[in-house]
Enquirer: 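A single structure is presented below for examination.
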Protein chains: 2
Amino acid sequence: MTARRIERPAADIAQDKANAKSGGATINDIARLAGVSKKTVSRVINRSPLVQVQTRERVEALIREVGYVPDPMARGLAFRKSFLIGMVYDNPNAQYIVNMQGGALESLRGSGFELVVHPCDSKSDDYIAGVRHFVVQQRLHGVILVPRVSEDSALVDMLNEVGVRYARIAAVSLDQPRRMIATNDRLGAIEAANYLESLGHRRIGLITGPQRYLSARERGGGFIAALAKRGIELAPEYVIEGGYTFESGVAGAERLLALPERPTAIFALNDEMAAGVYKAAHRLGLSLPEQLSIVGFDDSPLATRLWPSLTSVRLPIWDMGLHAAAMLLSPEESPREGPLIAPHLVVRESCSSPGRV
Amino acid sequence: MTARRIERPAADIAQDKANAKSGGATINDIARLAGVSKKTVSRVINRSPLVQVQTRERVEALIREVGYVPDPMARGLAFRKSFLIGMVYDNPNAQYIVNMQGGALESLRGSGFELVVHPCDSKSDDYIAGVRHFVVQQRLHGVILVPRVSEDSALVDMLNEVGVRYARIAAVSLDQPRRMIATNDRLGAIEAANYLESLGHRRIGLITGPQRYLSARERGGGFIAALAKRGIELAPEYVIEGGYTFESGVAGAERLLALPERPTAIFALNDEMAAGVYKAAHRLGLSLPEQLSIVGFDDSPLATRLWPSLTSVRLPIWDMGLHAAAMLLSPEESPREGPLIAPHLVVRESCSSPGRV
DNA sequence: CTGAAAGCGCTTACAG
DNA sequence: CTGAAAGCGCTTACAG
């Protein structure tokens, strides 16, 4: 309490506080109660260093006591920028999306920012216009781009043009480090390859994803390279392009399992397709894992529900969302490097050594 | 064009328009261009009937031409209410959440409203305070309450206290019709009961959900009542309380399948638990569906991934989200009745007549 | 049916 | 380190 503050009857102040607490206080209430200008309260809110420690503490105490929270719309209007982070995705994997939302929200908690979701159809040719309208109208503070839209350079060009910050999540770095979360899918595929090789598999089938997906190229490329390094070449007929869907997994497995020399193991580049491999194997009456080892990618809820439970590569999706949001919250000037994200193989019951029958 | 408008050189106006188009026009730009006051533009935006048809059309044409979109933060500040709809949930089923978000967003499309998500932990005792902070700080226009938080009357009391609109989604109506989407889970369970009875099953096991869940009581109650109506009484040992989790499905099925007189069919009140039944059955070497018929509830993605594919009750989740959002957008005065939501059984390969072995 | 003034709750730009 | 004035882009309340 400085002596210079104008003294008011204690009863008046108490009444003021009561009023402020009951019905959403404003910056003016705090200013009056603290005996400072609203600009000073504003400085405290925005963590400006240009406030005396004593003043700051008094104002902060009052803010806490009254339970004052600045109105994001008023702040947003003055800043010309909202306190909203957008999440833009066309990924059909629900668990992936929910985990990513959860991770992002963990970062935003307590920051005054909220998450607004924007699923879209990247195959429609006006989806970029849709995203543009979304980010411009809402004056988003930033957007998180989830694969596969994160790989679309036309989308990113638009965001740069309208001047909206973004954090891109993709299998490898495609942009400045401060705007990227690289998920290093390749490492996970390498681990899968080494695991199957170490179990003794030599005739291995691979069901890839659509080659226009970066993740499919990285996972597939990593797997093939890692096997090659250990002296195993995958003949072309053992590599089948799938569509990241259950049905394409069934179809791919049926082709692989009809080969004269049947593979003893199949790596599917996502769990959906791996589930399709189970179906094809069951239809043929193969016993798992004795007659066929299977590895998936995603470690989706499916993995533990299938029987036998599926060995799969896990991506730390929650953390990816968390880091992406944190990147958007950090000040523009402090270029925050993307964190190191590393997938790892979760071993369950779907693999064994070949010829154990 | 009225004669009273002040005439300006065409070149000036063209320049004005160009400026307005390039960098986010404001209500003032439109007013100047249209030769009216900004209040009139405001009336057009807000669909006030107090505007001459001619004036309205001129202003609307200009708005379209310039691509003007009102700033939601400025509108929100003046209205003391944001253009944000919240979605509050503690449901662990990712597909459920993503579908509901999708349905809600379909309603919001083009309305200027956006969806902000708020997962929470209804077991933590301060989650209501968290939701309160969320809705009050953001001045949400309304919130969609998803089961099971939708069943929490303490949460609803808080929302009424702070005066935030909500739409509750629950198995049966718990509130005024204009605030409820009743999903009639009971009907789906009845259909499952009738289906199993019609196949000839007489010794049937039931794995329920936690009894504190309304959905579990409705589904279980409907199933038991429908069977009773057809002359089948479920002995107590054939009814097991599960926890809506995969593991509890495994455990429940193990108990049921260890009964001296094994059930020929099991109804699990969600697909997670049904997947657990598969696992227990596989472990015992039972062939499906010959030795055991299984029905689930949710029609989750799991249903088609399991082998044999699972017959399950489908709830139109997308539509539930769509109607909930539409309910929140419709004017407060026009009490919009909740729509009739009806679940239905999706028959796949997991059931057969008993004793077909 | 239309508009000028004041205000929503904040911040920026400028002074001191 | 602090504050008074003006402004962000809308709407409400009041006149006419």
Side-chain angles (χ1 to χ4, degrees), chain A residues 2 4-6 19-20 23-60 63 66-84 112 136-139 141, chain B residues 2-6 19-20 23-59 63 66-84 112 136-139 141:
Chain A
T2 68
R4 274 180 304 190
R5 281 201 306 143
I6 298 156
N19 290 341
T26 72
I27 197 172
N28 288 310
D29 299 325
I30 301 298
R32 187 162 27 73
L33 253 22
V36 298
S37 75
K38 64 186 194 183
K39 179 60 221 177
T40 296
V41 178
S42 172
R43 287 199 178 90
V44 171
I45 294 169
N46 292 296
R47 309 192 183 297
S48 155
L50 303 176
V51 184
Q52 248 187 140
V53 180
Q54 225 182 34
T55 313
R56 165 183 310 285
E57 281 169 356
R58 184 152 42 83
V59 172
E60 278 173 346
I63 287 176
V66 172
Y68 164 68
V69 188
D71 183 324
M73 291 186 292
R75 292 228 288 163
L77 180 59
F79 273 136
R80 286 162 198 76
K81 198 179 230 180
S82 76
F83 288 83
L84 260 21
V136 170
Q137 171 171 20
Q138 300 297 325
R139 297 192 190 238
H141 182 268
Chain B
T2 68
R4 272 181 304 186
R5 280 201 304 142
I6 298 157
N19 291 341
T26 73
I27 197 172
N28 287 310
D29 298 325
I30 302 297
R32 185 161 28 74
L33 253 23
V36 299
S37 76
K38 63 187 194 182
K39 177 62 221 176
T40 297
V41 179
S42 173
R43 288 200 177 88
V44 172
I45 294 170
N46 292 297
R47 309 194 182 296
S48 157
L50 303 176
V51 183
Q52 251 188 137
V53 180
Q54 227 183 31
T55 313
R56 165 184 309 284
E57 282 170 356
R58 186 153 41 82
V59 172
I63 285 176
V66 172
Y68 164 67
V69 187
D71 182 324
M73 291 187 291
R75 292 229 288 164
L77 179 60
F79 274 135
R80 289 164 198 71
K81 197 180 234 182
S82 77
F83 288 84
L84 261 18
V136 170
Q137 171 171 22
Q138 300 297 324
R139 297 190 190 242
H141 181 269

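What you see is a predicted model; the values in this text were computed from it and never measured. So you know, we letter chains A, B, ... as the sequences are listed, proteins then strands, and number each from 1.
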Enquirer: What integer distance in Å separates A:Arg56:CZ from D:dT2:P?
Expert: 9 Å

Enquirer: To the side chain of A:Arg80, which of C:dT2, D:dC8, C:dG9 is closest?
Expert: D:dC8

Enquirer: Measure CD/A:Gln137 against P/D:dC10 and give the value in whole Å, please.
Expert: 11 Å

Enquirer: Any side-chain N or O of A:Thr26 below 4.0 angstrom from OP1/OP2 of C:dG9?
Expert: no

Enquirer: In whole Å, I'd like the distance from the NZ atom of B:Lys81 to the P atom of D:dT12.
Expert: 12 Å

Enquirer: Ignoring backbone atoms, establish whether A:Thr40 has a side-chain N or O less than 4.0 Å from OP1 or OP2 of D:dG3.
Expert: yes

Enquirer: Among C:dT11, D:dA4, D:dG9, which nucleotide has an atom closest to any side-chain atom of A:Ile45?
Expert: C:dT11

Enquirer: Report the base-pairing partner of C:dA4 (Watson-Crick or G-U wobble, both distances below 3.5 angstrom), or none.
Expert: none

Enquirer: Return the nearest nucleotide to the side chain of A:Tyr68; candidates are C:dT2, C:dC10, C:dC8.
Expert: C:dC10

Enquirer: Between atom CZ in B:Arg47 and atom C1' in D:dC10, what is the gap in whole Å?
Expert: 17 Å

Enquirer: Which nucleotide, C:dT11, D:dG3, D:dC10, lies nearest any side-chain atom of A:Ile27?
Expert: C:dT11

Enquirer: What is the separation between atom NZ on A:Lys39 and atom P on D:dT2, rounded to the nearest whole Å?
Expert: 12 Å

Enquirer: To the side chain of B:Phe79, which of C:dC1, D:dT12, D:dG9 is closest?
Expert: D:dT12

Enquirer: A:Asn28 CG to D:dG3 P: how many Å, rounded?
Expert: 13 Å

Enquirer: side-chain contact (heavy atoms from CB on, under 4.5 Å), that's the test. Do A:Val66 and A:Asp29 meet it? Break it down for me.
Expert: CA-CA 9 Å; A:Val66 172; A:Asp29 299 325; over 6 Å; no

Enquirer: Which residue lies toward the 5' end of DNA chain C, B:Val53 or B:Arg139, if each is placed at its nearest nucleotide?
Expert: B:Val53

Enquirer: Please state whether the phosphate of C:dT11, meaning OP1 or OP2, lies under 4.0 angstrom from any side-chain nitrogen or oxygen of A:Ser42.
Expert: yes

Enquirer: Strictly distance-based, threshold 3.5 Å: is any side-chain N or O of B:Arg139 a donor or acceptor partner for the main-chain N or O of A:Pro72?
Expert: no

Enquirer: Is any side-chain heavy atom of B:Arg75 closer than 4.5 Å to one of B:Asn46?
Expert: yes

Enquirer: Looking at every heavy atom in both B:Tyr68 and B:Thr26, which two are closest together, and how far apart are they?
Expert: CE1-C, 3.6 Å

Enquirer: Does B:Arg43 get its side chain close enough to the base of C:dG3, under 3.5 Å, for a donor-acceptor pair?
Expert: yes

Enquirer: How close or far is atom C1' of D:dT11 from atom CG of B:Leu50, stated in whole angstroms?
Expert: 15 Å

Enquirer: So, OP1 or OP2 of D:dT2: does either fall under 4.0 Å of a side-chain N or O from A:Thr55?
Expert: yes

Enquirer: Using a 4.0 Å heavy-atom cut-off across all strands, classify A:Phe83 as base, sugar-phosphate, or nothing.
Expert: nothing

Enquirer: Taking the side chain of A:Lys38 as heavy atoms from C-beta outward, which of D:dC8, C:dT11, D:dA4 is closest to it?
Expert: C:dT11

Enquirer: Which heavy-atom pair separates A:Val69 from B:Gln137 by the least distance, and what is that distance?
Expert: CG1-NE2, 3.2 Å

Enquirer: Please determine, for D:dA13, whether a Watson-Crick or G-U wobble partner exists with both distances under 3.5 Å, and give it or none.
Expert: none

Enquirer: Measuring from B:Ile45:CD1 to B:Thr40:OG1, what's the distance to the nearest 0.5 Å?
Expert: 11.0 Å

Enquirer: Provide, to the nearest angstrom, the distance between the CG atom belonging to B:Asp71 and the C1' atom belonging to C:dG9.
Expert: 14 Å

Enquirer: By the 4.0 Å heavy-atom rule, please label A:Asn46 as base, sugar-phosphate, or nothing.
Expert: sugar-phosphate

Enquirer: Select from B:Val51 and A:Pro70 the residue whose nearest nucleotide in DNA chain C is closer to the 5' end of that strand.
Expert: B:Val51

